[in-house]
Amino acid sequence: MTQMEQQNQHNATGGPQIFGWCMYDWANSAYVTTVVAGVLPIYFATAVVGKGGVQIGDTVVSADALWGYLVSASAMFVFLFAPVLGAISDFSSSKKKFLITLAYMGSISATLLYFCQSGDVWRTASLFLIAQIGYVGANVFYDAFLPQIASEDKIDWVSSKGFSYGYIGGGLQFAIALGLVAGGGIIGIGQGLAARMGMGMAGLWWAGFTLFTLKKLKEAGAIEEMPEKYQSQPKIVAYVAIGINRTLATIRKVRRFKHLLLFLIAFMIYNDGVQTVISMATIYGTEELKFSATVLMVTLLMIQIIAAGGALLFGRIAGKIGAKRALMLALLLWSGVVTYAYFLHTVTEFFILGVVVGIVLGGSQALSRSFYGAMIPKEASAEFYGFYSVFSKFSAIWGPLVFAIIRQITGTPRLAIISLMVFFIVGLILLAFVDEEKAKEAKLSGAF
């Protein structure tokens, strides 16, 4: 198919394509909001593991430590294999197959969490690990569709629209789960059963709404011919060899394109601050501010709802001033968020903080994805988004570590939370030196 034919196909199917793509964000956000952030951490600590921890060899491991190991293990798996899987899918034109396979591997595992009861430590851990690998892995291929379904002048808007769908879908399902947990006693449902029902529903939500993606999202591009030196090998062996070789080649190429690499480094740093705020906000609200679980959960739900509008708002801002400037504006606002968090004391102030976090959370995530997508070659989008995923996962390590060290040394999480401003300021400075036009010129020149 010629480039013009592909463009005509895109123009003819862009609406349904974009809808099908956005619906996957609607589908999987229920899992990350309800299972990963809202329900399973509490259920895992209180019911599955309990206060006594779990015996592993001669060591007793606490619930929160074991939870951290599980999250890290799933991220490490994707960290190691995402670029290779991306390269294979680009070569074989199979991004959709990888997306759907990983999505259903994750959603089925999440649904089966319903059957995990008190003491089922390793069953719960195994299902969560598989679900998390499915979720993170599928997102690599989901993101990789973005440069193919959206023209360059619409990529920021489409990325923002996807995040908006996700925040609304995830928020709706989380509201249902929260209602079950908070009000289950009224209808005779214990909190343990309510938590398991909420998680099972999140898995079903993920699986069910992915059907829209399965039906609407189409993959353009022909399968490349197998190189002669691999034709005598089993197909799976040949694909893995091609994937590894392409990944190594891409690493060598990326190092030569300083603006793309500079953005990835900037993203890794400022996203570290974003992820730390998200992961530590509940602990900060509990430990330092002494707010109730209800206040914290309601704030989380509010952030989900507002983030949907925030993603669309920043998509429009990017259309007027450019994605780079809009992203820099979001980072300035993030710096204001951690400064405000240092001084706040009341529930009202915490709700105000949640409103601002919702606005900038949707904007910074959506624009980071689309800004990167505009600088990479479409024909290798899954491979390059594999690297994007690697930098994203790697960035989740250092912020919480810095937070924990400063908290331990100073004895107060207030200094720890304001220290995160360093991540936003350094990321902002590096982003300022990224020349988007030169990066696009390198892409168009075929240098990749």
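What's counted below: heavy atoms across the whole structure, side chains too, no hydrogens, waters or symmetry copies. Sequential numbering from 1 along the given sequence is applied to the chain's residues.
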Verdict with supporting geometry, Ser368 and Tyr270, side chain to side chain donor-acceptor pair (under 3.5 Å)
CA-CA 10 Å; Ser368 295; Tyr270 71 70; 2.6 Å; yes
Would you check, one step at a time, whether the test side-chain contact (heavy atoms from CB on, under 4.5 Å) holds for Phe314 with Leu333?
CA-CA 12 Å; Phe314 269 88; Leu333 290 174; 4.0 Å; yes
Verdict with supporting geometry, Phe141 and Phe98, ring-ring contact (aromatic ring centres under 6.0 Å, His included):
CA-CA 7 Å; Phe141 303 100; Phe98 275 94; 4.9 Å; yes
Check the pair Gln117 / Tyr43 against side chain to side chain donor-acceptor pair (under 3.5 Å), numbers first and verdict last.
CA-CA 9 Å; Gln117 302 189 39; Tyr43 182 72; over 6 Å; no
Begin with the C-alpha distance, continue with both residues' side-chain angles, and end with the deciding distance and a verdict on side chain to side chain donor-acceptor pair (under 3.5 Å) for Ser364 and Trp334.
CA-CA 9 Å; Ser364 58; Trp334 271 117; 3.2 Å; yes
Using the rule given for side-chain contact (heavy atoms from CB on, under 4.5 Å), can you reason through Arg196 versus Leu113, listing the C-alpha separation, both sets of side-chain angles and the distance that settles it, and then say yes or no?
CA-CA 7 Å; Arg196 292 191 291 116; Leu113 287 169; over 6 Å; no
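In this structure, Gln191 places its CD atom where only 12 or fewer heavy-atom neighbours from other residues, nucleotides or ligands lie under 6.0 Å away. In the displayed structure, Tyr104 atom OH is contacted under 6.0 Å by more than 12 heavy atoms of other residues, nucleotides or ligands. The number of heavy atoms from other shown groups lying within 6.0 Å of CZ (Arg325) does not exceed 12. For Lys154, the NZ atom sits in a loose shell: 12 or fewer heavy atoms of surrounding residues, nucleotides or ligands are nearer than 6.0 Å. Heavy atoms from other residues, nucleotides or ligands lying under 6.0 Å from CZ of Phe433 number 12 at most. The local environment of OH in Tyr340 is crowded, with over 12 non-hydrogen atoms from other residues, nucleotides or ligands closer than 6.0 Å.
Salt-bridge formation is not detected for the pair Lys96/Glu219: no Lys NZ or Arg NE/NH1/NH2 atom is positioned less than 4.0 Å from an Asp or Glu carboxylate oxygen.
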Name the atoms and distances for all side-chain donor-acceptor pairs under 3.5 Å in residues 198-207, with sequence neighbours left out.
residue: Trp205; atom: NE1; partner: Trp26; partner atom: O; Å: 3.2
residue: Trp206; atom: NE1; partner: Tyr24; partner atom: OH; Å: 3.2

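Here OG1 of Thr299 is found 4.5 Å from CZ of Phe351. Values are rounded to the nearest 0.5 Å. Rounding to the nearest 0.5 Å gives a distance of 8.5 Å between CG of Leu40 and SG of Cys116.
Defined by atom type and a distance below 3.5 Å, a donor-acceptor pair is present between the side-chain atoms of Asp25 and Ser29.
Shortest non-hydrogen contact noted between Asp156 and Ser370 is OD1-OG, 2.6 Å.
Between Phe263 and Phe371, the two ring planes are perpendicular [angle over 60°; tilted spans 30° to 60°].
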